[in-house]
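What you see is a predicted model, and the numbers here were worked out from it, not measured in a lab. Both backbone and side-chain heavy atoms feed into the values below; hydrogens, waters and symmetry mates do not. Whatever order the structure lists them in is the order used to number ligands and atoms, beginning at 1.
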Amino acid sequence: MQFDKLIDNFDKEHLLHPYTSPLMPLPALKVTSATGCCLVLSDGTALIDGTSSWWCALHGYNVPELNAALAAQLSRMAHVMFGGLTHEAAVALGKTLLGMVPKGLQRIFFVDSGSVAVEAALKMVLQYQLAQGSSEKCEIASIAGGYHGDTWNAMSVCDPVAGMHRLFKPLLPIRYFAPAPRCSFDDPWDEQDFAPMQELLQRRRHSLAAVIVEPVLQGAGGMRFYHPQYLRCLSEQCRTYGIKLIVDEIATGFGRIGRLFACEYAGICPDIMCIGKGLSGGYLPLAAVVTSEEIAQVLGHYAPQALMHGPTFMANPLACAVSNASCRLLLASPWQERVSHIEAQLKSLLYPLCSVPQVAHVRVLGAVGVVETYRPVKMREAMERLVSMGVWIRPLGRLLYVMPPFVISSAQLQQLCEAIAVVVQDPELFA
Ligand SMILES: *Cc1c(COP(=O)(O)O)cnc(C)c1O
């Protein structure tokens, strides 16, 4: 396969891609179709997808049930504004979602991306505290090593030091960070792990409006799994101090790490949950803020008596229809079995890589497998090697990781893992 032939010159000269140079961009391979767990490139090469297109494509690509739901909705209407109007697609999706999220969450605010869900959630807690007469409660805390999106306030709660947004730090609102949890998912719980957050909450109890965290799995900020007891402590202490808890389930939601939502591992119900990514099964941009009746009541009773937010494409009917079909397909599928099967296979094929000199750590939870190396991967060279082996995996610094569609076959998953093994055993592919 010739890598250069897969690149579109117009694209290279005029279209900007995420997190890459406008002048010397990483190659963007041209995809002509995608079906099942395979992406088909312009020269006919099929790549097994290890990314689910950034956590989204739970059921793979070109899924008949989702295509049908989208076509049916399209034949009725593509879009109407959500201000003053509603439609069956939003109502049906709302009903489905309420059957999935923790019982205490009753109110849903649809938006068009995960970052915007985080923005709306932060506005919601600030308005809530104001409405309560607690105007001094206007600060936000989080934990280091997190990732919550790329818009302004979402950036402000991402990891402040190693995160991809440190460039903007001087311009971002000040947030308060506890160190990232150290106790990992399978470790015995260590009380000390929560101590720094406990101290932060106690010290800033009069000024904190909310804490926002990714539950159990910190994704793009480092792909680390932490102990659910941390969340349990956080939930209890937030309640004690009247601080709202926002869990960002945008990456972890919809079964990815073995529970429908990661906060189920801790048995907690947050005040606000942000969902996105897997919500639409990877078809259309849709995300949501799901919150409690209590927050809705407080927002509704005090001026301005409304959440001051309303995206143009809020609750887009096409996105809602396909998301509802995706959620229903997920619930009707043996997803727990599939995810635990993927987990077992990832463990058996990736854990042995611990003994490779280049490898610092290997971790697996649910349908997420991570190989952390000591040195950063040379992106261009590693990508070229991975593609030549017929897989689509996108390394991130010192991380090679996969989160495949749940419908991946054992043979396909094996090919993904073998490709990772080849990369980590080649010192030439590391800086
Ligand atoms: C991807 C992600 C976001 C941002 O979602 P976008 O749809 O890219 O704006 C926020 N939080 C987490 C945990 C994510 O993984």
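- Listed by chain and residue number, Glu139 satisfy the side-chain hydrogen bond (donor to acceptor under 3.5 Å, both in side chains) test with Ser207 (two or more places apart in sequence, or in another chain).
- Contact residues for ligand 1 (protein heavy atom closer than 4.0 angstrom to any ligand atom): Ser113, Gly114, Ser115, Tyr147, His148, Gly149, Glu214, Asp248, Ile250, Ala251, Lys277.
- Aromatic ring centres of Phe82 and Phe313: separated by at least 6.0 Å.
- Between Phe430 and Tyr374, the distance from one ring center to the other does not fall under 6.0 angstrom.
- Counting heavy atoms of neighbouring residues, nucleotides and ligands inside a 6.0 Å radius, atom CZ of Arg232 exceeds 12 of them.
- Few gaps surround NE2 on His87; more than 12 heavy atoms of other groups in view lie less than 6.0 Å from it.
- At least one donor-acceptor pair closer than 3.5 Å links the side chain of Glu119 to the backbone N or O of Ala154.
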